[in-house]
Amino acid sequence: MSTDLSTLSLFRATPEQTIETRRRTLNEWGKGLTLEEHLHRDASQEDYECSRDGRFTSWVLAPREDPQTLDFKCACETFKRPGLVVDATKSKSAEEVTCYGIATVFTPSANRGKGFARHMMRLLHWVLADESLLPPSEFPAAWGAPPPKVDGTRNGRFSALWSDVGDFYSTCGPVRPAEGWVIRGTATTTWDVDTSNVPVGAGDWTWLDYAGCSKLWEEDAQSMRSDMENSASPGPRFSYLPTHGVGSYQSRRLEMYLQRLPTPPQTWGVTSSDHTTYATWAIDPRPPTPRTLVVTRLRATPQSFRQLVGKILEPARKYDVKRVEMWNLSAELENIAATLNAKTYLREEHLPAFKWYGKESEAEISWFFNERFCWC
Ligand SMILES: CC(C)(COP(=O)(O)OP(=O)(O)OC[C@H]1O[C@@H](n2cnc3c(N)ncnc32)[C@H](O)[C@@H]1OP(=O)(O)O)[C@@H](O)C(=O)NCCC(=O)NCCS
């Protein structure tokens with residue numbers, strides 16, 4: 001018998017429910033870890049800078065009459081993040097905004113195919129979106145009352161997720177089904193490290209540890225702001241920012257695996273001495289995928305890109321990395337990458353998909369710096 005979806009709502013998970021969400025995802029996301037290690041890794045994630053001060057939340061879809069049950073239907077996680085919006089019709093200056101990243105959407109096998117994840121995701125807009133842009137008066141009556149308000153939410157100007165289930169999330173709109181998250185920007189450029197012939201980068205460069213990357217991302221945020229303010233692209237523009245621990249999340253999530261390597265990597269970025277060309281990265285050592293260095297943020301000109309790639313390949317070789325991966329290079333840099341033996345293709349997993357909570361449609365919106373740093 002199918003469940004009347006209006007009897008369910010979205011609730012912030014209790015601590016017990018949060019642990020239950022993690023138990024359920026061991027096979028999916030705890031590759032190579034024991035249950036204890038998996039639970040420990042997920043619990044430590046709550047101490048990361050990007051999670052602190054209420055920025056991390058677990059959500060469950062549960063019966064309204066028993067919201068704290070451990071037998072909830074499905075769950076997901078959100079990270080509140082810093083972002084920028086430029087709407088040149090209103091102002092040339094970028095506005096600092098709150099936005100959200102969504103992760104770990106999961107329905108246990110026994111509950112699948114009953115519409116639970118779709119309902120959870122369409123309700124999720126109603127706890128994330130800025131209340132003035134998605135007023136409770138527009139909540140579909142057929143779904144019952146809107147989800148209870150949680151302190152510190154209902155302030156998001158946009159949200160995004162990285163889909164491993166194709167276009168499913170486009171059908172999870174806040175009011176009309178087809179107005180969910182829109183996939184944008186899946187271009188992926190990769191180098192095979194063993195056969196790469198890019199020469200070692202010349203010039204004066206500085207290697208960056210965690211602290212060095214954090215400092216760089218503070219400066220980077222200023223450059224990202226100027227790029228967005230000076231762009232001629234029509235329509236509103238948005239970006240996530242790599243500050244407040246957002247950039248370092250990429251490597252911290254993989255720490256447990258990296259610590260098992262004979263020589264755990266210590267270097268997470270490189271910058272030219274004038275800080276105009278740089279890259280930061282994470283290294284994913286989990287088999288069976290070839291060990292991959294994924295660039296999280298990159299800033300380079302067509303003149304400096306070749307040298308930067310040469311520098312990135314140094315730690316890649318040192319740590320026995322097989323693939324270097326970059327997301328959504330500009331057309332100019334993508335062409336140069338092709339001359340350096342890189343391949344560019346459209347990725348079929350981790351598809352970036354966003355929902356804009358303004359009155360404009362997603363087709364009118366530009367996503368700036370749609371790179372790996374904001375993935376979660
Ligand atoms: C994806 C998932 C959350 C869907 O949960 P659910 O409660 O069964 O979802 P719903 O019943 O609301 O909707 C099912 C829809 O998801 C689609 N779907 C499920 N798995 C899919 C996949 N791997 N690729 C594409 N679509 C998929 C189904 O085709 C179905 O679409 P339809 O309604 O148009 O027929 C669930 O299958 C799951 O937890 N999978 C494992 C973890 C995972 O991959 N999570 C997503 C990470 S981005």
Side-chain angles (χ1 to χ4, degrees), residues 1-11 13 17-33 35 38 41-42 45 56-63 69-79 100-128 140 142-144 147 159-186 188 240 249-250 253 284 286 289 294 327 346-355 370 372 374-376:
M1 205 181 74
S2 68
T3 309
D4 171 1
L5 294 175
S6 71
T7 63
L8 306 173
S9 192
L10 189 65
F11 299 95
Q17 285 174 323
T18 301
I19 293 171
E20 176 59 17
T21 64
R22 293 171 182 162
R23 283 182 186 283
R24 292 179 179 190
T25 59
L26 172 68
N27 290 337
E28 207 73 31
W29 290 305
K31 250 194 281 176
L33 302 179
L35 177 62
H38 173 67
R41 180 174 79 141
D42 277 1
Q45 170 177 290
F56 169 81
T57 308
S58 272
W59 301 94
V60 294
L61 183 77
T69 177
L70 292 184
D71 190 20
F72 51 86
K73 306 296 184 195
C74 55
C76 65
E77 299 173 344
T78 58
F79 292 87
Y100 288 85
I102 301 160
T104 325
V105 177
F106 190 84
T107 305
S109 314
N111 290 343
R112 287 186 192 163
K114 298 175 180 168
F116 294 138
R118 182 175 283 118
H119 194 53
M120 171 175 74
M121 296 310 283
R122 53 198 197 181
L123 292 179
L124 192 63
H125 301 291
W126 294 92
V127 295
L128 302 185
W143 302 349
S159 64
L161 49 82
W162 284 263
S163 176
D164 286 333
V165 287
D167 206 18
F168 167 62
Y169 299 101
S170 71
T171 66
C172 306
V175 180
R176 283 164 291 278
E179 294 180 352
W181 287 269
V182 170
I183 294 175
R184 174 78 57 83
T186 62
T188 310
Y240 289 93
Y249 173 81
Q250 310 300 321
R253 273 293 284 172
D284 189 342
R286 289 173 298 177
T289 312
V294 56
W327 289 8
L346 298 181
R347 214 170 49 246
E348 288 182 3
E349 73 285 350
H350 310 329
L351 309 174
F354 76 103
K355 177 68 191 162
N370 182 355
R372 174 62 182 232
C374 45
W375 170 92
C376 57

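Indexing begins at 1, ligand by ligand and atom by atom, following the structure's order.
Considering only non-hydrogen protein atoms, atom 17 (C) of ligand 1 sits nearest to Phe168 CD1, 4.1 Å. Given atom 47 (C) of ligand 1, the protein heavy atom at minimum distance is Tyr169 OH, 3.8 Å. Given atom 9 (O) of ligand 1, the protein heavy atom at minimum distance is Ala117 CB, 3.4 Å. Looking at atom 45 (N) of ligand 1, its nearest protein heavy atom turns out to be Val105 O, 2.8 Å. Summary of contacts: the protein heavy atom closest to atom 1 (C) of ligand 1 is Val165 CG1, 3.7 Å. Looking from atom 41 (C) of ligand 1 to the surrounding protein, the closest heavy atom is Arg112 NH2, 3.5 Å.
Geometrically, ligand 1 and Thr107 share a nitrogen or oxygen pair separated by less than 3.5 Å. Between Gly115 and ligand 1, at least one pair of N/O atoms sits closer than 3.5 Å.
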Under the criterion side-chain contact (heavy atoms from CB on, under 4.5 Å), I'd like the reasoning laid out for Tyr169 against Val105: C-alpha separation, chi angles, the key distance, then a yes or no. CA-CA 11 Å; Tyr169 299 101; Val105 177; 3.4 Å; yes
Would you sort out whether His119 and Arg122 count as a side chain to side chain donor-acceptor pair (under 3.5 Å), showing the intermediate values? CA-CA 5 Å; His119 194 53; Arg122 53 198 197 181; 3.0 Å; yes
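The distance from ligand 1 to the heavy atoms of Glu28 drops below 4.0 Å at these ligand atoms: 41 (C), 42 (C). When each atom of ligand 1 is checked for a heavy atom of Arg118 under 4.0 Å away, the hits are 12 (O), 31 (O), 32 (P), 33 (O), 34 (O). Residue Lys114 approaches ligand 1 through these ligand atoms, each under 4.0 Å from one of its heavy atoms: 11 (O).
Using a 4.0 Å cut-off between heavy atoms, Lys73 makes no contact with ligand 1 at all. Contact annotation for Phe106 and ligand 1: heavy atoms of both the backbone and the side chain come within less than 4.0 Å of the ligand.
Counting only heavy atoms, the protein gets under 4.0 Å from atom 23 (N) of ligand 1. Taking a distance limit of 4.0 Å, we find that atom 36 (C) of ligand 1 is approached by some protein heavy atom. Shown here, atom 11 (O) of ligand 1 is in close reach of the protein: a heavy atom of it lies under 4.0 Å off. Atom 29 (O) of ligand 1 is never approached by the protein to below 4.0 angstrom, counting heavy atoms only.
Using modelled atom types, one finds no donor on one side chain facing an acceptor on the other under 3.5 Å when comparing Asp71 with Thr69. A donor and an acceptor atom, one from each side chain of Trp327 and Thr186, are nowhere located under 3.5 Å apart.
Within a 6.0 Å radius of CD in Glu28, more than 12 heavy atoms belonging to other residues, nucleotides or ligands are found.
Counting only distance, with no hydrogens or angles, the side chain of Asn111 and the backbone of Lys73 share a donor-acceptor pair below 3.5 Å. Checking side-chain atoms of His38 against main-chain N and O of Arg22 turns up a donor-acceptor pair under 3.5 Å. Looking at Arg347, its side chain does come within 3.5 Å of a backbone N or O of His350 through a donor-acceptor pair.
Between Trp162 and Arg372, every side-chain heavy-atom pair lies at or beyond the 4.5 Å cut-off.
Note on ligand 1: Gly113 sits in its first shell, one or more heavy atoms being nearer than 4.0 Å.
In this structure Asp167 satisfies the side chain to side chain contact (heavy atoms under 4.5 Å, CB included) test together with Ser170, Ile183, sequence neighbours excluded. With sequence neighbours left out, the salt bridge (Lys or Arg N to Asp or Glu O under 4.0 Å) criterion links Arg184 to no other residue.
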